[in-house]
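Before any comments, here is the structure.
Just so we're on the same page: letters track the sequence lines, and every chain starts at 1.
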Protein chains: 2
Amino acid sequence: MSDTVTIYDIAKVVGTSPGTISKALNGRHDVGDTLRERIIETAASMGYRPNVHARGLKMKKSWLVGMVYGEDESDSLEHPLFLPIMNAFKRQMEHFGYELLFLSQHSKFIGDSLLSHAFSRQVDGLLLMNVAEHATRSFVTASNAIPMVACDAIVPSLSSVITDNIMASKEAVGYLYGLGHRNIGHIAGPANPVTVGGDERLEGFVQGMHELGLLDANQYVVRAEGWTPNHGRDAFVKLMQTHPDITAVYCAADFYVMGMLQVCRDKGIRIPADISVIGFDDVQWTAFVEPGFTTFRQNKEQLGTVAANRLLAAMDGEQSIDIVRIPAELVVRGSCRNVKWHT
Amino acid sequence: MSDTVTIYDIAKVVGTSPGTISKALNGRHDVGDTLRERIIETAASMGYRPNVHARGLKMKKSWLVGMVYGEDESDSLEHPLFLPIMNAFKRQMEHFGYELLFLSQHSKFIGDSLLSHAFSRQVDGLLLMNVAEHATRSFVTASNAIPMVACDAIVPSLSSVITDNIMASKEAVGYLYGLGHRNIGHIAGPANPVTVGGDERLEGFVQGMHELGLLDANQYVVRAEGWTPNHGRDAFVKLMQTHPDITAVYCAADFYVMGMLQVCRDKGIRIPADISVIGFDDVQWTAFVEPGFTTFRQNKEQLGTVAANRLLAAMDGEQSIDIVRIPAELVVRGSCRNVKWHT
DNA sequence: CTCTATAGCGAAACCGTTTTCGTTACCGTA
DNA sequence: TACGGTAACGAAAACGGTTTCGCTATAGAG
């Protein structure tokens with residue numbers, strides 16, 4: 001069985017030429033109906049699978065798209081967003097006949113080796129997730145040869161789809177303001193390595209505060225030095241030292257909330273009685289601690305799907321580059337207290 | 001620039017034949033040293049990338065391995081094990097020149113369509129993760145045509161690498177026994193759909209208890225009906241109703257512990273004062289709740305690497321099929337109490 | 001000096017498709 | 001009857017590599 005049957009084998013059985021087999025199988029119009037049926041039937045019965053290499057060689061199309069992601073920071077691998085986005089992307093691409101190649105990016109290969117592989121494989125498109133800052137250059141220069149779209153990031157001169165972090169931050173401060181909070185702290189993402197998500201959330205925080213007349217917002221910001229719970233803990237400690245008057249904290253990541261929890265437990269700070277908290281990402285445990293945490297849920301499904309559609313368009317010749325922002329949803333649980341009637 | 005330079009282009013520049021270019025680039029011995037150097041140089045300067053399709057067509061080797069995983073249960077996507085294992089596997093395969101194709105498996109395609117793709121792409125090997133029970137058949141029949149290895153699962157008549165769940169369970173009961181516990185409950189994985197991990201942990205639990213002379217172990221088992229926190233919560237409630245005398249619970253998943261936490265909070269049950277708990281998987285938050293949870297950490301790095309090595313061997317002609325079990329590590333935190341001196 | 005072995009290179013077949021182009025047969029129309 | 005048009009198929013080139021085989025020098029041995 002199954003020693004790779006080719007169109008020649010089918011041709012022999014049916015008694016026609018290989019070219020005709022190809023045409024019949026591809027739905028071309030210049031082959032008779034009865035013959036076509038016979039061909040399709042015997043092809044199926046013989047277990048014929050078109051050889052992708054031969055086809056790709058001739059057609060210069062691989063029906064492959066590469067998913068590149070940075071694997072430097074161990075965060076990214078286990079990042080709660082990564083897999084769901086990837087999966088939505090994959091589902092959509094598959095729907096249009098594409099398969100996915102996995103291309104990770106060690107920092108030692110500054111993207112060049114990765115692009116080599118991409119070219120060799122003749123990938124039809126590239127999805128960039130979480131690419132290291134210093135590697136974007138080579139991608140951008142290659143982007144006229146092979147269509148790309150960035151997801152969960154913004155790469156200049158490339159189409160990008162990303163959560164609307166600024167909007168979310170504004171919503172966060174607006175929500176807290178509405179509950180009566182005025183002294184609101186923000187634990188922001190690290191300055192080094194900088195991430196667009198972290199920066200945008202910070203930017204949105206400051207903007208939102210300003211629009212509400214809270215002009216010293218920058219005073220209430222402390223940047224964590226990484227994305228882990230420990231970093232969040234340290235940042236919170238610092239925030240409490242410099243601004244013991246805060247009644248609410250908006251965290252750029254749920255992991256930060258995790259770190260905060262430890263401190264609060266140790267110092268007897270109650271949530272939300274003593275301090276209100278909003279997180280970001282809606283990781284699984286936020287719903288299962290007591291109280292459940294109010295946090296932002298990124299629309300991972302939509303992020304992946306939109307990225308896929310954008311890439312499909314680009315592969316179809318669409319030239320324009322644009323940034324599409326997907327709104328995040330504020331999931332309200334029990335970590336924020338209404339202080340309006342208690343002051 | 002860069003409109004796909006081929007060996008013909010190089011041949012024109014160097015002034016030799018395409019065949020010689022190929023031989024020089026592949027380190028064949030029948031080409032002069034000076035000429036070889038010149039060829040390698042100009043190839044590099046022209047930005048030559050070998051066309052994988054042409055090569056694959058001739059050599060009948062794709063340097064691609066497929067990673068197939070079931071995506072039915074939303075668990076699997078976000079499963080804390082999946083990505084780290086996959087990444088270790090990938091790193092090892094890449095080291096030997098292979099790239100990874102992502103093949104997920106919707107239940108509607110009962111594996112056949114997936115195998116079609118695998119054949120079309122001429123993948124050199126397949127890693128099976130989390131494949132649905134009903135789909136294993138088609139894989140097994142195809143396994144003589146294309147090498148496979150299962151990971152985090154056991155597929156009969158295929159090489160498999162999996163965590164040593166039985167050993168772990170025995171260690172769990174042994175540890176609790178050593179702390180003085182005798183009435184030990186077990187929240188086991190669901191019977192439907194059954195998973196080898198869940199079953200083995202159950203089996204190990206019963207065996208371990210028996211070996212310690214606790215012969216009614218089966219009485220203290222309740223199977224959850226899924227893998228989510230809510231399923232764990234329900235199972236725990238059931239366990240407490242039928243066996244209020246238990247002093248310790250061994251959970252087949254950390255998610256179950258998550259569910260337990262809610263119940264304990266509601267009913268004022270203190271951990272570990274009133275009840276001791278051991279989980280499985282070492283998900284991130286286990287270290288950040290108070291008390292930190294004692295749990296098993298699977299060696300994801302090794303699982304992935306060993307699976308890769310096993311697959312490489314199989315692709316190299318190794319015929320034997322075997323099951324290799326990777327030990328899990330008991331991470332002791334604060335959720336188990338020593339009751340020896342208090343009874 | 002002649003013969004043979006070998007090193008170094010080119011020619012060409014081959015891998016499995018797709019696609020263009022030509023050929024034939026047959027239809028309908030004038 | 002003659003002619004143009006079309007439907008249905010085959011022949012063959014092309015895609016970009018790899019590899020076998022044959023050829024020509026040159027070196028070394030007798």
Side-chain angles (χ1 to χ4, degrees), chain A residues 2-40 42-43 46-64 97 116-124, chain B residues 2-40 42-43 46-64 97 116-124:
Chain A
S2 85
D3 259 305
T4 47
V5 26
T6 73
I7 54 174
Y8 287 89
D9 303 327
I10 306 180
K12 278 226 159 51
V13 173
V14 179
T16 179
S17 80
T20 304
I21 305 289
S22 171
K23 286 186 276 191
L25 261 27
N26 289 339
R28 284 232 175 297
H29 57 281
D30 58 343
V31 45
D33 287 344
T34 63
L35 179 57
R36 147 168 296 125
E37 273 196 35
R38 212 150 52 91
I39 289 178
I40 292 182
T42 63
M46 295 176 70
Y48 168 73
R49 326 268 187 202
N51 182 319
V52 176
H53 290 136
R55 181 178 276 168
L57 179 58
K58 180 64 180 166
M59 317 254 286
K60 293 169 177 305
K61 186 168 168 77
S62 62
W63 292 100
L64 265 186
S116 267
H117 285 255
F119 276 115
S120 281
R121 292 269 177 211
Q122 307 240 124
V123 300
D124 299 326
Chain B
S2 84
D3 261 304
T4 48
V5 25
T6 75
I7 53 174
Y8 290 87
D9 302 328
I10 305 181
K12 277 222 160 54
V13 172
V14 179
T16 178
S17 79
T20 304
I21 305 289
S22 171
K23 286 187 277 191
L25 260 28
N26 290 338
R28 283 234 176 297
H29 56 281
D30 60 344
V31 45
D33 286 345
T34 63
L35 178 56
R36 147 169 297 125
E37 273 197 36
R38 214 150 52 90
I39 290 179
I40 293 182
T42 61
M46 295 176 70
Y48 168 73
R49 327 267 189 204
N51 183 318
V52 176
H53 290 136
R55 181 178 278 167
L57 178 57
K58 179 65 179 168
M59 317 254 286
K60 294 170 179 303
K61 185 169 170 76
S62 63
W63 292 99
L64 264 187
S116 267
H117 284 253
F119 276 115
S120 281
R121 292 269 177 211
Q122 309 240 122
V123 301
D124 299 326

Distance in angstrom units between A:Arg38 CZ and D:dA8 C1', rounded: 14 Å
5' precedence on DNA chain C between B:Leu57 and B:Gly15 (nearest-nucleotide basis): B:Gly15
Nucleotide nearest A:Tyr8 (side chain, heavy atoms from C-beta), chosen from C:dT19, C:dG16, D:dT18: C:dG16
Which residue lies more 5' along DNA chain C, comparing B:Thr16 with B:Ala54 via nearest heavy atoms: B:Thr16
Short side-chain N/O contact to D:dG10 OP1/OP2 from A:Thr20, under 4.0 Å: yes
A:Asp33 atom CG: more than 12 heavy-atom contacts under 6.0 Å: no
Exceeds 12 heavy-atom contacts within 6.0 angstrom, atom NZ of A:Lys12: no
Among C:dT17, D:dC15, D:dG17, the nucleotide that comes nearest once only the side chain of B:Thr6 is considered: D:dG17
Sugar-phosphate, base or nothing in reach of B:Ile21, heavy atoms under 4.0 Å: nothing
Any A:Asn26 side-chain N or O less than 4.0 Å from OP1/OP2 of C:dT18: yes
Interatomic distance where CZ belongs to A:Arg36 and C1' belongs to D:dA8 [whole Å]: 11 Å
B:Arg49 and A:Ser120 side chains, donor-acceptor separation under 3.5 Å: no
Within 6.0 Å of CG in A:Asn26, more than 12 heavy atoms from elsewhere: yes
From A:Trp63 atom CH2 to B:Arg121 atom CZ, the distance as rounded to the nearest 0.5 Å: 10.0 Å
Side-chain donor/acceptor contact of B:Lys23 with base of C:dG10 under 3.5 Å: yes
Side-chain (A:Arg36) to main-chain (A:Arg28) donor-acceptor, under 3.5 angstrom: yes
Minimum-distance nucleotide (side-chain atoms of A:Arg55 versus D:dT18, C:dG16, C:dT18): C:dT18
A:Lys60, nearest nucleotide to its side chain (from D:dC15, C:dG16, C:dC9): D:dC15
Spacing between B:Lys61 atom NZ and D:dT19 atom C1', to the nearest angstrom: 18 Å
Whole-Å distance separating the CE atom of B:Met59 from the C1' atom of D:dT18: 7 Å
B:His29 NE2 to C:dG8 C1', straight-line distance once rounded to whole Å: 10 Å
Residue mapping more 5' on DNA chain D - nearest nucleotide basis, A:Gly32 or B:Asp30: A:Gly32
Atom-pair distance (NZ on A:Lys58; P on D:dC15), nearest Å: 7 Å
Rounded interatomic separation in angstrom, taking CD1 from A:Ile10 and C1' from C:dT17: 12 Å
B:Glu37 CD to C:dC9 P, straight-line distance once rounded to whole Å: 13 Å
B:Ser22, nearest nucleotide to its side chain (from D:dG16, C:dC9, D:dT19): D:dT19
Candidates D:dC9, D:dG17, C:dT17 - which lies nearest the side chain of B:Tyr48: D:dG17
Listed nucleotide nearest any side-chain atom of B:Arg28, set D:dT19, D:dC15, D:dT18: D:dT19
